[in-house]
Amino acid sequence: MSTGHDGSKDDADAVVLDAKGLRALAHPVRVQLVGLLRKHGPSTATRLAERLGINSGSASYHLRQLGAAGFVKEDMERGNARERWWCSVHQMTRFSDPHLADREPEAALAYLQSVVATYTLRTQQTLNELQTMPRMWRDSFDMSDWALRLTPEESASLHQELCDVIARYRPDTPEAAARAPEGAERVGVITHVLPELDAPAAPVGPCGPQKATGTER
């Protein structure tokens with residue numbers, strides 16, 4: 001699982017979550033703060049707080065916690081005695097250790113719930129702005145779901161194929177933005193692969209299948 005604005009498979013600018021990082025991001029405000037710094041660049045606690053609708057003291061606290069965990073750092077070139085600026089250390093977060101969720105189940109669940117809350121907020125923000133968007137952008141908007149019946153291996157293959165498709169397109173980085181064609185804007189692509197396991201079959205008793213209770217006809 002990856003969260004960030006770059007759909008490529010390049011790990012050079014990615015952080016792989018360990019137990020410390022997982023616990024640090026197990027809060028929706030921190031996930032959102034990291035996302036804003038990655039998307040919009042360096043900022044202050046006050047400006048970030050305004051975007052999130054929280055007080056600046058709370059934003060400062062969460063930024064310090066993120067800094068201690070290595071997700072953000074002070075931008076010394078912008079900061080001064082009155083104002084601290086913060087920037088993201090990485091552009092992508094990877095939750096790829098298959099055993100980490102087993103070792104830290106509560107933190108893993110809290111982190112994933114924070115990511116889901118952030119995705120939901122981003123989707124709602126787009127919906128709120130949809131009617132005022134130019135027609136060509138409204139026509140490009142899409143929310144779809146498909147029901148498939150796959151094995152775990154096929155599900156993993158599907159996920160990798162989706163990643164490969166996204167990696168063919170221009171990432172949202174300052175370098176890519178500088179060479180993007182006219183009319184290019186930021187587009188968020190959120191993917192979910194959601195297993196929906198069937199309920200296990202009722203066990204068969206020693207005398208074979210039991211007759212259901214109720215009225216027979």
Side-chain angles (χ1 to χ4, degrees), residues 1-11 13-17 22 25-40 51-53 88 90-98 100-101 108-177 179-200:
M1 170 184 170
S2 301
T3 57
H5 69 36
D6 182 0
S8 73
K9 295 186 290 185
D10 184 7
D11 288 333
D13 209 13
V15 55
V16 178
L17 287 182
L22 186 63
L25 285 181
H27 193 292
V29 169
R30 294 179 192 172
V31 173
Q32 292 174 53
L33 285 170
V34 171
L36 287 174
L37 290 173
R38 289 174 178 177
K39 184 183 294 186
H40 300 293
R51 282 182 175 271
L52 296 180
S88 175
H90 313 92
Q91 290 299 326
M92 173 79 74
T93 301
R94 295 198 184 278
F95 186 16
S96 55
D97 183 343
L100 181 55
L109 180 59
Y111 167 67
L112 293 176
Q113 288 173 333
S114 298
V115 172
V116 169
T118 301
Y119 289 169
T120 301
L121 178 62
R122 287 169 59 184
T123 303
Q124 189 61 56
Q125 289 172 337
T126 298
L127 286 175
N128 293 341
E129 299 167 1
L130 193 60
Q131 294 305 314
T132 59
M133 286 184 185
R135 183 74 193 191
M136 64 180 65
W137 282 110
R138 275 185 284 161
D139 291 344
S140 72
F141 172 82
D142 176 72
M143 290 194 304
S144 301
D145 70 288
W146 292 269
L148 308 176
R149 187 160 290 271
L150 307 175
T151 65
E153 294 77 16
E154 289 171 329
S155 295
S157 177
L158 170 63
H159 173 255
Q160 186 58 59
E161 288 183 48
L162 292 172
C163 290
D164 292 342
V165 170
I166 293 168
R168 296 204 300 264
Y169 288 83
R170 189 179 305 105
D172 180 32
T173 62
E175 297 77 17
R179 61 176 185 271
E182 184 178 355
E185 301 284 355
R186 178 179 295 113
V187 174
V189 179
I190 299 172
T191 66
H192 299 298
V193 178
L194 306 175
E196 299 179 19
L197 305 188
D198 293 333

Check your understanding: Would you say S157's side chain and E154's backbone share a donor-acceptor pair under 3.5 angstrom?
Key -> no

**Study point:** Closest contact, heavy atoms only, R51 versus H40
**Key:** NH1-NE2, 3.5 Å

Check your understanding: Which class fits the ring pair F95 and Y111: parallel under 30°, tilted 30 to 60°, perpendicular over 60°?
Key -> perpendicular

Study note, to complete from the structure: dist L194:CG -> T191:OG1 (nearest 0.5 Å) comes out at 9.5 Å

Revision key, fill the gap. Residues S114 and A26: closest non-hydrogen pair is OG-C, 3.9 Å

**Study point:** T118 versus P28, closest heavy-atom pair with distance
**Key:** OG1-O, 4.2 Å

**Study point:** From CZ (R38) to CG (L33), nearest 0.5 Å
**Key:** 11.5 Å

Point to revise | Verdict with reasoning, L162 to H159, per side chain to side chain contact (heavy atoms under 4.5 Å, CB included) | key: CA-CA 5 Å; L162 292 172; H159 173 255; 5.6 Å; no

Point to revise | Within-4.5 Å side-chain heavy-atom neighbours: V31 and Y119 | key: no

Exercise for review: First locate atom NE2 of H90, then atom CG of L37, and finally report the distance between them rounded to the nearest 0.5 Å.
Suggested key: 13.0 Å

Practice item. Could you check V115 against T93 for side chain to side chain contact (heavy atoms under 4.5 Å, CB included), going step by step and ending with a plain yes or no? Key: CA-CA 11 Å; V115 172; T93 301; over 6 Å; no

**Study point:** Side-chain touch H192/D145, heavy atoms, less than 4.5 angstrom
**Key:** no

Study note, to complete from the structure: Of all heavy-atom pairs linking A14 and R94, the shortest is CB-NE, 4.0 Å

Exercise for review: Ignoring hydrogens and angles, tell me if any N or O in the side chain of T173 forms a donor-acceptor pair with the backbone of A176 under 3.5 Å.
Suggested key: yes

Review point. Should we say atom CZ of R149 is surrounded by more than 12 heavy atoms from elsewhere, each under 6.0 Å from it?
Key: no

Exercise for review: Examine distances only and state if a side-chain atom of R186 and a backbone atom of K39 form a donor-acceptor pair shorter than 3.5 Å.
Suggested key: yes

Point to revise | From L17 atom CG to S96 atom OG, the distance as rounded to the nearest 0.5 Å | key: 8.0 Å

Exercise for review: Count the heavy atoms belonging to other residues, nucleotides or ligands that lie under 6.0 Å from CZ of F141, then report whether that count exceeds 12.
Suggested key: yes

**Study point:** Approximate separation, where rounding is to 0.5 Å, of Q91 CD and D13 CG
**Key:** 5.5 Å

Exercise for review: Report the distance from atom CG of D97 to atom CG of L22, rounding to the nearest 0.5 Å.
Suggested key: 9.5 Å

